[in-house]
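Down below is the structure, laid out as structure tokens.
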Amino acid sequence: MEKITAIRGFKDILPQDALLFRKIESIARRIFDSFGFREIRVPLIEKTDLFKRSIGETTDIVEKEMYTFADRDQELITLRPEATASVIRAYIEHNMHAAEPITKLFTIGPMFRRERPQKGRFRQFNQIDVELFGEEKPQADAEIIFMLMHFLTGCGLQNLVLEINSLGCPACRPSFSKAVIDFLKGSEANLCPDCQRRIHTNPLRVFDCKVETCAATIARAPAILDFLCADCHDHFTQVKSFLDDLNITFAVNSRMVRGLDYYTRTAFEVKASTLGAQNAVAGGGRYNGLVSDLGGPAVPGIGFAVGFERLVSCLPDDGTNIFKTDLFVAALGSKAQKIAFGLTNQLRAQGLSAEMDYADKSLKSQLKRADKLNASFTLIFGDKEIEEQQALLRNMQTKDQQAIPLDRLPESIIKIIKER
RNA sequence: GUGGGUGUAGCUCAAUUGGUCAGAGUGCCGGGUUGUGGCCCCGGAGGUUGAGGGUUCAAGUCCCUUCACUCACCCCA
């Protein structure tokens, strides 16, 4: 029989890692809650047009990375490659803008992109996605970046680098784009083949090319920050100022461009040095035109996404990522087994984590098992104890054992373990 | 989509120029204590060497095909 494996790029999150995922999720929920963000859960599949319109027809994501299928009625549907589009769709669909001036949402879940897998990149991966609608003031930008950094450091991440940039707006970006294209065409000979292609497809991408000659050429290229209109310039200046006020250290990277078309003004990225080539652990930006582009009101928005797997992979090992068991019930003999079976399940029903062995094994092997399960206590009883109407509760760390009357077993055990 | 690397026990990896090379550690099970874990000692189970084909007296080792994993490019979280 040939064994069936998971699809390429799709990973099982095994219990050990799931424990970390849970931990990160709970930190996220707690912090986002303090900042007034509410959880929203949106579908994993949307109409294909939603992503085409939001992410951009000519982006790599839409052109070659989406999982798109024909539904049974031939309508094209797509496994979401990112969450922002879906959240905005829901925001519009439920008229949230009318219910309150500012809406803060977050969602956690899997995204799908059909790329070639490598370190830190999978075809199904999880993101924490945060969106803030209805506020265009620079405080919103600073607030959301502050919350992101607070969250990442709260998870225990170190050596993070925050980079920010402003991508301008429909008023000022075109003149910059034109200047860049003119410049690139003038120095086309110095660029790598990929970049020569990019001049025509997506000129701004030339900015993060890693080829040396390209980087050297780009160093002399026009910078977006010199082309910002007065409003965008002012907005960016204030964002930086508010970040300073919040004691957030950042680096302005005027060459940072982002892969999604919808960003305006503030764009930011957080890099972690331990990640390998795919070193961005979070990224985001402002999208003032996107809500209306998707058929909603003219409401500004800003958001970010955190790569869950990437975050988890650079988490320091603090030794807390282990499973524990409150009680192991070691029964000896069939009579004791029968009682233990009822007792174990009764204790579980009352919230203790309890385990026992159904095979009639030696005490030694049962204690070994208890040890493997990181049991705090082991309850030992066999014929002798039944006769004496008691059981032995062994503290696995101190090796202390105390006798407990059988008729008060559950209550006494719960009391002792909870008081510990 | 393109390029490199790697596939041997559940896991991490050995095996010289093709010739007792099917191994170790760890994990698992059992014993050393007729009922007391971690350390230590002993024993046991577990592999068509990813798969298929070829060369050879002989292939884990060489060749071809294929699959998978992995890293990088592209791009992104």
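Chain letters run A, B, ... following the sequence lines, proteins first and then strands; every chain starts at 1.
Counting to the nearest Å, the C1' atom of B:A77 and the CG atom of A:L157 are 13 Å from each other. Whole-Å rounding puts the A:F328 CZ to B:U36 P distance at 16 Å. One can place CZ of A:R123 at 18 Å from P of B:C74, the figure rounded to the nearest angstrom. One can place CZ of A:R8 at 8 Å from C1' of B:C69, the figure rounded to the nearest angstrom. If you take CZ of A:F122 and C1' of B:C69, they are 13 Å apart, rounded to a whole angstrom. Atoms CZ (A:F268) and P (B:A77) sit 11 Å apart, rounded to a whole Å. Per the geometry, CG belonging to A:L363 stands 13 Å off P belonging to B:G30, to the nearest Å. Taking atom CG of residue A:D371 and atom C1' of nucleotide B:G27, one finds them 14 Å apart after rounding to whole Å.
Of the residues in residues 395-406 of chain A, A:M396, A:K399, A:Q401 come within less than 4.0 Å of RNA chain B through at least one heavy atom, sorted by number.
Here the separation of B:G44 from B:U48, taken at their C1' atoms, is 22 Å to the nearest Å. Taking atom C1' in both B:A45 and B:C28, one finds a spacing of 9 Å when rounded to whole Å. Separating the P atom of B:C42 from that of B:A59 is a span of 36 Å, rounded to the nearest Å. Annotation: B:G47 and B:G7 have their C1' atoms spaced 14 Å apart (nearest Å). For the C1' atoms, the distance linking B:G38 with B:G27 amounts to 15 Å, nearest Å. Remark: the separation of the C1' atoms in B:C75 and B:U2 is 13 Å, to the nearest Å. Separating the P atom of B:U56 from that of B:G10 is a span of 34 Å, rounded to the nearest Å. Rounded to whole Å, the separation between the C1' atoms of B:G18 and B:U61 comes to 6 Å.
Between A:D141 and A:R265 there is no salt bridge, since none of the side-chain N atoms of the basic residue sits less than 4.0 Å from a carboxylate O of the acidic one. Using a 4.0 Å cut-off between a side-chain N of Lys or Arg and a carboxylate O of Asp or Glu, A:E419 and A:K415 qualify as a salt bridge. Ionic pairing of A:E82 and A:R80 is not present here: no N-O contact between side-chain nitrogen and carboxylate oxygen is shorter than 4.0 angstrom. With salt bridges taken as basic N to acidic carboxylate O contacts below 4.0 Å, none links A:K240 and A:D244.
Aromatic rings of A:F308 and A:F21 (six-membered ring for Trp) have centroids within the 6.0 Å cut-off, being under it. You'll find the ring centres of A:F151 and A:F32 inside the 6.0 Å limit. Proximity of the aromatic rings of A:F37 and A:F106 is defined here by a centroid distance below 6.0 angstrom, and this criterion is not met. Aromatic ring centres of A:F146 and A:F242: separated by at least 6.0 Å.
In this structure, of B:U36, B:C29, B:C75, it is B:C75 that holds the atom nearest to the side chain of A:E65. Residue A:E385 places its side chain closer to B:G35 than to any other of B:A77, B:C69, B:G35. Side chain of A:K372, nearest nucleotide from B:A72, B:G27, B:C76: B:G27. Checking B:U36, B:C74, B:U2 against every side-chain atom of A:L367, the shortest atom distance belongs to B:U36. Comparing B:C76, B:C29, B:G35 against the side chain of A:K361 picks out B:C29 as the nearest. Minimum atom distance to the side chain of A:R394 is reached by B:G37, of the listed B:G30, B:C74, B:G37.
Donor-acceptor pairing under 3.5 Å, judged by distance alone, is absent between the side chain of A:K364 and the base of B:G30. For B:C76, its base never sits under 3.5 Å from the side chain of A:R116 at any donor and acceptor pair. For B:C75, its base never sits under 3.5 Å from the side chain of A:R113 at any donor and acceptor pair.
Distances shown here put a side-chain N or O of A:S365 below 4.0 Å from the OP1 or OP2 atom of B:G30. Considering only side-chain N and O atoms, A:Q278 lies nowhere under 4.0 angstrom from the phosphate OP1 or OP2 of B:A77. Distances shown here put every side-chain N or O of A:K368 at or beyond 4.0 Å from the OP1 or OP2 atom of B:C39. Contact between the side-chain N/O atoms of A:Q118 and the OP1/OP2 oxygens of B:U70 is not found at any separation under 4.0 Å.
Heavy-atom nearest nucleotides on RNA chain B were determined for A:P117 and for A:R114, and the one closer to the 5' end corresponds to A:R114. Nearest-nucleotide positions on RNA chain B for A:E82 and A:A6 put A:A6 closer to the 5' end.
Residue A:A370 is out of contact with every strand shown, counting any heavy-atom pair closer than 4.0 Å. Across all strands, A:K119 comes closer than 4.0 Å only to sugar-phosphate atoms, never to a base (heavy-atom distances). Counting any heavy atom pair closer than 4.0 Å across all strands shown, A:F381 reaches no nucleic acid atom. Contacts of A:L392 with the nucleic acid, taken as non-hydrogen atoms under 4.0 Å apart, include base atoms. Residue contacts for A:L311: at a heavy-atom cut-off of 4.0 Å it reaches no nucleic acid atom on any strand shown.
Side-chain contact check for A:N165 versus A:L225: some heavy-atom pair is nearer than 4.5 Å.
Distance check, rounded to the nearest 0.5 Å: CG of A:L294 to OG of A:S86 gives 10.0 Å.
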Exercise for the section: State the dot-bracket string of RNA chain B. Criteria: Watson-Crick or G-U wobble, both atom distances under 3.5 angstrom; notation: ( ) intrastrand, [ ] crossing earlier pairs, | interstrand, . unpaired. Expected result: (((((((..((((.....[...)))).(((((.......))))).....(((((..]....))))))))))))....

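The nearest pair of heavy atoms linking A:A83 to A:M111 is CB-CE, 3.4 Å.
For A:T266 and A:S166, the side-chain atoms include no donor-acceptor pair closer than 3.5 Å.
Judged by centroid separation below 5.5 Å and plane tilt below 30°, A:F125 stacks onto the base of B:A77.
Taking the six-membered ring where the residue is Trp, A:Y287 and A:F133 present perpendicular rings, their angle passing 60° and hence far from 30°.
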